[in-house]
Amino acid sequence: MILGPEALQRLIEVLALEYRVIGPTVADGAVVLRDLASADDLPTGWIDEQDGGHYRLQRDESAGPFDHVVGPHSLKNFLFPPREPIARFERVEGVWEECAPAAPERPLAVIGMRGCDLAALAIQDRVFLRGDSGEGEAIDPAYQRRRNGLFLVAVDCRRAAATCFCHSTGSGPAACSASAGRQADLALVDLGPGPADGVAPCAGPRRYECRIGSERGAAVIDAIAADLPLRPSPPEDVAAAERVPVDLERAMWARERSDGGPGRSLDMENIRDLLYSNLEHPRWLEVADRCLSCTNCTLVCPTCFCASVTEVADLSGDAVTRERHWASCFSLDHARMHGTSVRHTTASRYRQWLTHKLGGWIDQFGTSGCTGCGRCITWCPVGIDLTAEVAAIRETPAPSTGPTP
Amino acid sequence: MNPSPLTTRRPGPTTLSADPWQTHAGSIVAIRDETPGVRSYDLSIVDAAVRARYAFAPGQFNMLYLPGIGEAAISISSDPATPQLLTHTVRAVGNVTDALAKLVVGDRIFLRGPYGKPWPLGDLAGGDLIFVAGGLGLASQRAAILDVARHRDRFGRVTILHGAKTPSGLLYPSEYAAWREAGIDVDCTVDAPEAGWTGSVGLVTDLLAQLPLEPGRSGLLCCGPDPMMAGVATGAAKRGLGPEAVWMSLERNMSCAVGQCGLCQFGPFFVCLDGPVFRYDRIEKLLGVRCL
Ligand SMILES: Cc1cc2nc3c(=O)[nH]c(=O)nc-3n(C[C@H](O)[C@H](O)[C@H](O)COP(=O)(O)OP(=O)(O)OC[C@H]3O[C@@H](n4cnc5c(N)ncnc54)[C@H](O)[C@@H]3O)c2cc1C
Ligand code: SF4
Ligand code: SF4
């Protein structure tokens, strides 16, 4: 199916009938995820320049609405929001009772999700829906409700930022991958401006090759087709769309740093045992000299899930909402015990973050917690790069002292 | 249904509804002063159907909640054969536990659970058991002791080594006679004797050093402050009890108890799901790492 600009606009309108529609838009100097009213809200004509500790939007008249890569937000902000009530208690005639949970919100449709976004979603599913694996374990009901209602429109990246390394973590750049469990209801590939009346140069309207990934996706396409004629993709467009992630992946492997070294990638080989057998590596102290323990990396990471709960009482004192909010292993509070913090040094907190993200996660959820999205590198105020930290440890590993836990 | 006695299976959070955060109201039926600053609370779940469904295994814990104050993880200290009445022995040390100390019989508190891996009593049946408890650590072992007393014929020698700072810090002293009656040796020691104390003075590790034991058939279950447990593990090794014969119950700050809040992580483990009871060989290397 080929969609033109009007069909993209119709897509948002059709989704809005049933969903709260979220997508990329420019705000506060970055591409963030917000409610979309129309396709005009998309960041058409903007390109993001990203590097360690660096993010800048640049005007580029040739850029389509999806030629930016990931910004500071992710699906996590909506499925596992920064703050949310998890329970409410009320005191009636002196007796406390737990009240029924709040009424469910409107389901979400999110437009423009990339391979790393869908990979992150699959990882968060393992955290919040772990009960799905049986064993009587827990399912987070609010997450599950939002997840079941979620309508996803994926987009294949046409370019990568210097911070992206999804090609090395198996999470992209192709948005959807049945074998990797990355699925969407609809998947778009921007084929760029079309040939004007079939004659070069390309000056016609932008075209998107659209693949349908679910019955819900098909129903939405039918609704668009009801008042806009949609034509099936010609074979050369299908082929061009399939080449987009293949070419990008090849280009990512071939990237070079400005000093001529290889571009960013993360060697996942045996990474869990590498980190757990290097818990006393001097590199943790070295990175701690640079790390500010600011928690940015954990907040922008699309898979970090730590949270704690605070009691929020109303003025009467007779109603209390238990509010869950994002926590970070970089804060002193995280490992509070007996009035002190178990991890009272920055080195121990950075070590906790990285060993969990790339090691502990594998024990806990059967997958690494990193999608190669690069957010933690871009949004770290001092540009700390986990791929470089792992490489440094890999270069000078401690002599093995027996089996890791 | 009650769990089969001496189960090593995690019964799973039986009171847990589809929502892991949902609590159940409990009523305080009795309060007992134990040691200074420590009280036991007997709770009865208000909803009869939930009360009837609730079952736990020794070593598991509940999350106790006071509206507007917060939640705390507290071991279940009562007999698993009578889960209709749940005892929690609590030291007032902070936010929740201080507020709990102000409650009286008839007051309401909320709980969810049970959570965590229990003591491996079923696996150890047929052998000798050594309980080693420092101070309030005995609270996490009382359910196991009562379970073992009920099934005393399933074990060889059973010994409790209990240490406290002072004689008045020894937990559950009025029950030792009954435990001894059931065929369990109870041996206590204190750091600082008080007038009238005729028992041992020193560390629990000293008691362990003198305990007659057969390494091949003994399992050691330990709960107490971290340095004490480290000392016990070392002492056990000297007596031929390797790390695969030693279990310890760890403590970590936690907010969800179901492996979703991330706070209780210890190396690759969640203390709430993979623990709190760990076989020592799984955590030995991690315990040696500072600030983990
Ligand atoms: C599996 C498990 C089982 C447990 N079983 C039991 C049990 O059976 N009985 C029991 O009593 N406890 C038990 N605990 C321990 C209990 O959960 C903790 O002590 C818990 O923190 C108590 O909660 P609280 O809100 O009362 O204390 P918190 O307010 O969380 O305070 C905890 C500690 O921090 C200190 N502290 C708090 N605020 C400050 C401050 N501003 N400055 C300095 N120090 C401060 C307190 O003195 C205290 O030592 C268990 C813990 C776990 C994980
Ligand atoms: S660790 Fe960094 S690169 Fe990996 S998923 Fe999180 S933010 Fe992205
Ligand atoms: S690594 Fe960077 S973003 Fe993360 S806490 Fe340290 S300074 Fe902040």
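Everything quoted here is computed from the prediction, not taken from an experiment.
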Item to check | Engaged part of B:Val289 at the chain A interface, taking heavy atoms whose separation is under 4.5 Å | outcome: both
Checklist outcome for this item: Rounded to the nearest 0.5 Å, the CD atom of B:Gln260 sits from the CZ atom of A:Arg324 at a distance of 7.0 Å
Checklist outcome for this item: Closest non-hydrogen atoms of A:Cys306 and B:Gln265, given as atom of the first, atom of the second and distance, are SG-NE2, 4.1 Å
Next on the checklist: Can you tell me which portion of A:Glu90 sits under 4.5 Å from chain B's heavy atoms? Options are side chain, backbone, both or neither.
Outcome noted: neither
Checklist entry - Between A:Ala307, A:Ser341, A:Ser308, A:Cys329, which shows the greatest number of heavy-atom pairs under 4.5 Å with chain B? => result A:Ala307
Checklist entry - Of the non-hydrogen atoms in B:Gly288 and A:Glu280, which two are nearest, and what is the gap between them? => result O-OE2, 4.2 Å
Checklist entry - What are the two closest non-hydrogen atoms of A:Ser348 and B:Cys291, and how far apart are they? => result CB-O, 3.3 Å
Next on the checklist: So which residue, A:Met337, A:Arg322, A:His344, ends up with the most heavy-atom pairs under 4.5 Å with chain B?
Outcome noted: A:Arg322
Checklist entry - Between B:Glu71 and A:Val309, is a side-chain contact (heavy atoms from CB on, under 4.5 Å) present by the stated rule, with each step listed? => result CA-CA 9 Å; B:Glu71 262 187 332; A:Val309 176; 5.9 Å; no
Next on the checklist: So for A:Asp140, is it side chain, backbone, both, or neither that comes closer than 4.5 Å to the heavy atoms of chain B?
Outcome noted: both
Checklist entry - chain B heavy atoms under 4.5 Å from A:Thr355: which part of the residue, side chain, backbone, both or neither? => result neither
Checklist entry - Quick one: what part of B:Ile69 sits under 4.5 Å from any heavy atom of chain A, side chain, backbone, both or neither? => result backbone
Next on the checklist: Looking at every heavy atom in both B:Leu263 and A:Ala327, which two are closest together, and how far apart are they?
Outcome noted: CD2-CB, 4.3 Å
Checklist entry - Which atom names give the shortest non-hydrogen contact between A:Val320 and B:Pro67, and what distance separates them? => result CG2-C, 4.3 Å
Checklist entry - Between B:Leu292, B:Asp281, B:Asp107, which residue shows the highest count of heavy-atom pairs closer than 4.5 Å to chain A? => result B:Leu292
Next on the checklist: Rounded to the nearest 0.5 Å, what separates atom NE2 in A:His334 from atom SG in B:Cys261?
Outcome noted: 7.5 Å
Next on the checklist: Please classify the contact of A:Val95 with chain B as side chain, backbone, both or neither, using a heavy-atom distance under 4.5 Å.
Outcome noted: side chain
Checklist entry - Which pair of non-hydrogen atoms, one from A:Gln364 and one from B:Gly267, has the smallest distance, and what is that distance? => result NE2-O, 4.5 Å
Next on the checklist: Between A:Arg351 and chain B, with a heavy-atom cut-off of 4.5 Å, which part of the residue counts as in contact: side chain, backbone, both or neither?
Outcome noted: side chain
Item to check | Which portion of A:Phe80 sits near chain B, non-hydrogen atoms under 4.5 angstrom | outcome: neither
Next on the checklist: Looking only at heavy atoms and a cut-off of under 4.5 Å, which of A:Gly360, A:Pro141, A:Gly94, A:Ala335 has the most pairs with chain B?
Outcome noted: A:Pro141
Checklist outcome for this item: Interatomic distance, SG@B:Cys256 vs CD1@A:Ile86, rounded to 0.5 Å, equals 9.5 Å
Checklist entry - Heavy atoms, side chains only, cut-off 4.5 Å: are B:Leu286 and A:Leu279 in contact? => result yes
Checklist outcome for this item: Honestly, the part of B:Arg252 sitting under 4.5 Å from a heavy atom of chain A is both
Next on the checklist: Students often mix this up, so state it plainly: with edges at 30° and 60°, are the rings of B:Tyr65 and A:Phe89 parallel, tilted or perpendicular?
Outcome noted: tilted
Checklist outcome for this item: Looking only at A:His356, A:Arg349, A:Arg91, the option with the highest number of non-hydrogen pairs under 4.5 Å against chain B is A:His356
Item to check | Atom pair OG1 (A:Thr345) and CZ (B:Arg290), whose distance is rounded to the nearest 0.5 Å | outcome: 7.0 Å
Checklist entry - Which bit of B:Phe266 is near chain A, if near means a heavy-atom gap under 4.5 Å: side chain, backbone, both or neither? => result neither
Checklist entry - Looking at residues at least two apart in the chain, or sitting in another chain, which of them share a side chain to side chain donor-acceptor pair (under 3.5 Å) with B:Glu34? => result B:Ser40
Checklist entry - How far apart are the C-alpha atoms of A:Trp96 and B:Leu66, what are their side-chain angles, what is the distance that settles it, and do they pass the side-chain contact (heavy atoms from CB on, under 4.5 Å) test? => result CA-CA 9 Å; A:Trp96 286 100; B:Leu66 297 175; over 6 Å; no
